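Everything below concerns the one structure shown next.
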Amino acid sequence: NEVVAFHHVSKIYNTGTVALSQFHFSITEGEFISFLGPSGCGKSTALRMVAGLGEATEGKVEVFGQNPKEVIKNTNDVAFVFQDANLLPWRTVLENVMLPLELRGSDKKSRKEDAIKVLEMVGLKDHIKSYPRQLSGGMRMRVSIARALAAKPKLLLMDEPFAALDEITRQTLQTELLEIWKREKMTILFVTHNVFEAVYLSTRIAVLSARPGLLSSIIDVDLPYP
Ligand code: ADP
Ligand code: ADP
């Protein structure tokens with residue numbers, strides 16, 4: 001089952017920058033894929049296209065066999081976690097996590113239950129009434145992950161989610177993310193410039209070369225757990 005497909009995708013920004021060049025790659029259901037490469041190699045560009053942000057200059061991207069923009073518009077199948085947690089400061093943790101559920105239009109009681117369930121999953125049950133400024137960076141990222149999971153996506157897109165965290169917090173969150181991935185059987189597309197992170201987390205790594213956004217190799221990682 002193909003979740004994401006890049007069909008010979010090239011992306012040239014109007015500044016003339018070639019961000020991707022003939023990128024050809026596909027992702028199967030249940031994989032934990034990392035896009036690994038140095039800053040500026042086109043990882044975010046590739047990820048944003050999967051999220052329906054930005055058109056390919058050449059070739060095409062498909063998500064569940066469809067145009068990513070349509071999938072984003074019509075379903076909750078794809079969720080995005082950015083490097084900065086992007087929380088609304090005037091909303092509590094619970095209210096932040098309920099936001100995507102509101103857009104889906106389910107009733108308030110079940111929205112609240114669903115939100116509490118995912119907050120429990122990321123270990124924040126005791127902080128649901130806190131405001132983002134009262135939390136550490138690691139906790140804010142947990143809220144952001146909970147918000148993404150709340151709508152039960154099939155595909156989770158993550159753009160350097162742990163880059164701004166200290167090493168200990170990063171390792172803790174990496175372990176938690178792996179647990180969630182194994183339990184929820186999601187497909188995860190993870191962008192990082194950190195080799196260790198890619199090796200630790202992924203089932204497969206797509207290495208992008210610095211110039212001009214080429215896919216330079218694909219590495220299968222033999223995970224030490226089932
Ligand atoms: P990465 O995520 O690997 O750091 P990006 O996809 O962000 O790489 O960027 C790839 C290249 O495209 C870089 O040279 C970057 O400066 C350029 N780029 C990214 N976004 C834009 C944009 N909106 N307009 C012009 N150039 C861009
Ligand atoms: P990331 O940290 O995900 O690689 P960047 O810092 O490269 O992201 O880009 C942040 C934002 O700035 C994105 O919306 C990207 O499209 C835009 N951007 C990046 N590089 C350029 C550029 N050279 N010219 C214009 N916009 C850019």
Side-chain angles (χ1 to χ4, degrees), residues 3-27 31-63 67-73 78-87 137-138 140-141 144-145 147-148 153 155-167 169-170 173-174 177-178 181 186-221:
V3 175
V4 177
F6 291 89
H7 300 282
H8 300 284
V9 173
S10 296
K11 174 71 180 184
I12 304 163
Y13 284 107
N14 51 20
T15 51
T17 302
V18 180
L20 290 172
S21 172
Q22 292 289 317
F23 189 73
H24 193 72
F25 187 70
S26 67
I27 299 169
E31 288 194 288
F32 193 136
I33 295 278
S34 286
F35 284 177
L36 172 69
S39 187
C41 73
K43 306 183 292 296
S44 298
T45 297
L47 194 75
R48 284 199 297 265
M49 281 180 189
V50 176
L53 307 166
E55 302 275 354
T57 312
E58 258 176 57
K60 71 171 174 180
V61 179
E62 285 180 321
V63 177
N67 182 332
K69 288 191 203 309
E70 293 298 315
V71 178
I72 298 287
K73 197 170 72 185
V78 183
F80 206 126
V81 174
F82 298 92
Q83 177 173 333
D84 48 15
N86 263 305
L87 304 175
R140 281 201 287 268
M141 184 47 70
S144 180
I145 292 170
R147 183 180 53 189
L155 172 64
L156 182 60
L157 308 175
M158 307 185 91
D159 194 349
E160 307 244 14
F162 308 140
L165 304 176
D166 65 84
E167 193 56 34
T169 309
R170 183 184 312 168
L173 286 185
Q174 284 172 348
L177 179 62
L178 273 179
W181 168 72
M186 272 179 299
T187 307
I188 298 185
L189 173 45
F190 191 95
V191 160
T192 183
H193 60 258
N194 183 319
V195 180
F196 299 101
E197 186 163 73
V199 171
Y200 178 61
L201 291 174
S202 328
T203 53
R204 213 149 55 100
I205 304 172
V207 184
L208 281 79
S209 78
R211 273 181 305 173
L214 280 164
L215 181 60
S216 65
S217 62
I218 296 168
I219 300 168
D220 282 298
V221 185

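Small disclaimer: the values here were computed from a predicted structure and weren't measured. Atoms within each ligand, like the ligands themselves, are counted from 1 in listed order. In this chain, residues are counted from 1 in sequence order.
Listed by atom number, the atoms of ligand 1 under 4.0 Å from P38 heavy atoms are 3 (O). Set against the non-hydrogen atoms of K43, the atoms of ligand 1 under 4.0 Å away are 1 (P), 2 (O), 3 (O), 4 (O), 6 (O), 8 (O). Remark: ligand 1 atoms within the under-4.0 Å shell around heavy atoms of S39 are 4 (O). Close approach of ligand 1 to T15 (heavy-atom distance below 4.0 Å) involves ligand atoms 25 (C), 26 (N).
Residue R48 places a heavy atom under 4.0 Å from ligand 1. Residue-ligand proximity: G54 is placed with every non-hydrogen atom at 4.0 Å or more from ligand 1. Heavy-atom distances between G37 and ligand 1 stay at or above 4.0 Å for every pair.
Rounding to the nearest 0.5 angstrom, the gap separating the CE atom in M158 from the CZ atom in F80 is 10.5 Å. A distance of 11.5 Å separates CD1 of I27 from CD1 of I188, quoted to the nearest 0.5 Å.
Side-chain contact between L208 and L20 is present, with at least one heavy-atom pair separated by less than 4.5 Å. Taking the side chain as every heavy atom from C-beta outward, T192 and F162 never approach each other to under 4.5 Å.
In terms of polar-atom proximity, defined here as any N/O pair under 3.5 Å, C41 does make such a contact with ligand 1. Residue contacts with ligand 1: T17 is placed with no nitrogen or oxygen under 3.5 Å of a nitrogen or oxygen of the ligand (distance criterion only).
Smallest separation of non-hydrogen atoms from P68 and V50: CB-O, 3.5 Å. Here the closest non-hydrogen pair linking S202 and V221 is O-CB, 3.3 Å.
Taking the six-membered ring where tryptophan is involved, the planes of F23 and F35 are perpendicular, since the angle between them exceeds 60° and thus also 30°.
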